[in-house]
2 protein chains.
Amino acid sequence: MARTLSCVPVMAWPPFDSPCLTPPPDEAGPLGPCAHCQVRHLAVCSVLTHEEMHALDAEASSQLLGPGAVLARQGDPRRHVFTVVRGALRMVRLAADGRRQVAGFALPGDFVGLSGSPTYRHDVEALGETELCRFGIDAMRRLGERYPQLREKLFERACVELDSARDQMMALARMNPIERMADFLLKLAAREARAGNPGPMVALPMPRADIADHLGLTVETVSRCLTTLRGKGLIAVPETYRIEILDFAGLESLRAA
Amino acid sequence: MARTLSCVPVMAWPPFDSPCLTPPPDEAGPLGPCAHCQVRHLAVCSVLTHEEMHALDAEASSQLLGPGAVLARQGDPRRHVFTVVRGALRMVRLAADGRRQVAGFALPGDFVGLSGSPTYRHDVEALGETELCRFGIDAMRRLGERYPQLREKLFERACVELDSARDQMMALARMNPIERMADFLLKLAAREARAGNPGPMVALPMPRADIADHLGLTVETVSRCLTTLRGKGLIAVPETYRIEILDFAGLESLRAA
DNA sequence: CGTTTTCTTGAGATCAGTCAATGGCTGTGG
DNA sequence: CCACAGCCATTGACTGATCTCAAGAAAACG
């Protein structure tokens with residue numbers, strides 16, 4: 001599914017038509033000149049006009065991060081929000097005694113940084129080589145005042161995140177490890193599908209420890225679950241960081257909820 | 001802390017200055033005439049002008065519910081949002097096999113119904129005799145277009161909910177039962193304090209089973225935790241539905257996060 | 001006042017965690 | 001090119017926290 005860079009309203013770019021969406025990479029590189037005005041927009045958003053995107057561009061900056069790079073630290077003043085262009089991020093909370101919780105992963109097209117707090121509530125770290133678009137919170141707020149659609153989209157996005165967080169609560173509270181694993185893999189697959197990459201192959205851009213800390217398990221249990229699912233013929237694990245879903249219905253039947 | 005009903009911008013009413021906030025009950029009853037214009041407003045909101053509240057009133061309706069009454073069913077079309085005036089609500093998700101998850105409780109002043117889904121994602125049920133204010137989603141949207149502050153407040157509220165949901169994820173994933181219980185009791189106390197009722201006495205408007213399903217535990221474990229906390233002298237349980245916090249610092253030290 | 005529901009307590013079972021060892025992959029340096 | 005170190009994933013054996021099951025006590029309800 002080839003994509004073209006454009007500054008005119010484009011079709012909604014998966015996983016949903018989020019504001020300030022940077023276009024996905026293409027052969028020429030992740031960010032090319034606008035087909036409309038030849039300017040290299042940083043901010044492309046399906047709900048914004050050409051003019052509005054120029055306004056956003058003035059406030060946005062592009063960043064390229066190496067594996068493990070830290071965008072934000074838990075407790076730091078919350079000055080920016082981000083959209084992932086390429087790669088992946090993890091949102092991590094670390095307790096004083098070392099207990100770790102991965103609140104979520106941000107994949108290309110995802111929006112990171114929505115919060116009601118004046119400080120970041122998680123560490124935000126790059127999982128691999130990751131490219132993203134950064135906006136100042138204040139700039140965002142100003143633009144929200146000027147372009148009501150932007151604010152509306154942000155609100156919708158926050159609500160979708162809320163739904164997703166509550167789903168995860170159900171998983172953490174009431175599912176056993178196998179079910180959580182099945183649920184997690186299916187969610188990843190669904191996100192890839194919405195991003196235009198349907199099919200049984202699913203990338204796992206994060207190490208096992210991150211999956212474990214996301215699902216409230218240990219690394220060992222994650223590993224055992226993958227082995228079990230493989231044994232049941234539901235998935236294959238051709239590479240450590242890639243799985244193939246062999247039986248979608250079978251996985252679905254595991255995640256009872 | 002006596003409160004007076006008013007239709008002019010009032011001080012933020014805890015737990016936060018949310019839109020469409022109905023005033024707390026006073027001796028004269030939960031909803032009295034507006035001191036400004038003698039109209040009995042249904043919708044009082046700290047960010048709205050008198051005129052705007054009249055507009056909201058036209059869209060709002062008051063409801064009184066008995067214990068166990070159902071406001072919304074998981075899967076029903078999402079047509080309304082609610083604010084709790086008096087009493088309490090629970091948001092429940094029920095899996096096909098009977099597993100149950102209480103996503104949260106709504107106390108007076110709380111806003112219920114934010115979601116990105118066209119259908120309700122939880123059953124919403126009254127815990128005791130509960131009074132609330134109901135708004136149509138469409139009306140809400142129209143008002144949001146007319147009064148940008150309203151939309152902004154809704155957005156902030158969604159972000160706060162999001163933070164809170166992620167906190168709960170950490171609790172469910174990485175805390176043991178005692179820690180979850182301590183965390184839960186302290187959160188309840190904090191909400192009561194923000195609602196103008198500080199102090200060691202905390203009402204538990206929900207049965208043990210709801211606490212258990214909220215914390216991902218069993219009823220038995222909840223009961224045992226309360227006994228343990230009592231044994232440590234951190235709390236007292238004078239009545240089944242009321243606890244007294246004897247040692248805030250001690251409880252705090254338990255919820256490592 | 002009896003019935004029903006809810007809460008508490010106890011004893012045993014089980015599932016996931018802990019600890020420990022092995023194996024594979026990667027990058028470095030000889 | 002190979003040897004080694006470090007990291008990560010996997011597997012196994014064991015432990016123990018929490019659930020399950022069961023009974024009794026207390027509270028709510030009619």
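Chain A is the first sequence line, chain B the second, and so forth, proteins listed ahead of strands; every chain is numbered from 1. Computed from a predicted structure; not experimentally measured.
If you take CG of A:Leu172 and C1' of C:dA16, they are 15 Å apart, rounded to a whole angstrom. For A:Asp210 and D:dC7, the CG to C1' distance is 14 Å, given to the nearest whole Å. Rounded to whole Å, atom P of C:dT9 lies 11 Å from atom CZ of B:Arg208. Rounded to an integer number of Å, the gap from A:Leu226 CG to D:dT11 P is 10 Å. For the pair B:Arg230 CZ and C:dT9 C1', the interatomic distance rounds to 11 Å; values are reported in whole Å. Separating the CE atom of A:Met181 from the P atom of C:dA16 is a distance of 14 Å, rounded to the nearest angstrom. Counting to the nearest Å, the P atom of D:dA27 and the CG atom of B:Leu204 are 15 Å from each other.
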Tabulate below the donor-acceptor pairs under 3.5 Å that side-chain atoms of residues 214-223 of chain B make, not counting sequence neighbours, or state none.
from     : atom 1 : to       : atom 2 : distance (Å)
B:His214 : ND1    : B:Val102 : O      : 2.7
B:Thr218 : OG1    : B:Thr221 : N      : 3.2
B:Thr218 : OG1    : B:Thr221 : OG1    : 3.0

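A salt bridge between A:Glu161 and B:Arg166 is present, with a side-chain N of the basic residue lying under 4.0 Å from a carboxylate O of the acidic one. With respect to the salt-bridge test (charged N to carboxylate O, under 4.0 angstrom), the residues B:Lys187 and B:Asp167 do not qualify.
A donor-acceptor pair under 3.5 Å is absent between the side-chain atoms of B:Arg242 and the main chain of B:Val202, judged by distance alone. Between the side chain of B:Arg230 and the backbone N or O of B:Val237 there is no donor-acceptor pair closer than 3.5 Å. The main-chain N or O of A:Thr240 is found under 3.5 Å from a side-chain atom of A:Arg208 such that the two form a donor-acceptor pair. Side chain of A:Asp110 to backbone of A:Leu107: a donor-acceptor contact under 3.5 angstrom is found.
Among all heavy-atom pairs drawn from A:Pro238 and A:Glu244, the shortest one is CD-N, 4.2 Å.
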Inset, instruction - Would you mind building the protein contact string for nucleotides 15-24 of chain D? One character per nucleotide, 5' to 3', B for base within reach (heavy atoms under 4.0 Å), S for sugar-phosphate only, - for untouched. - result: ---SSBB---
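Proximity of residues 237-247 of chain A to DNA chain D (heavy atom under 4.0 angstrom from any strand atom) is restricted to A:Thr240, A:Tyr241.
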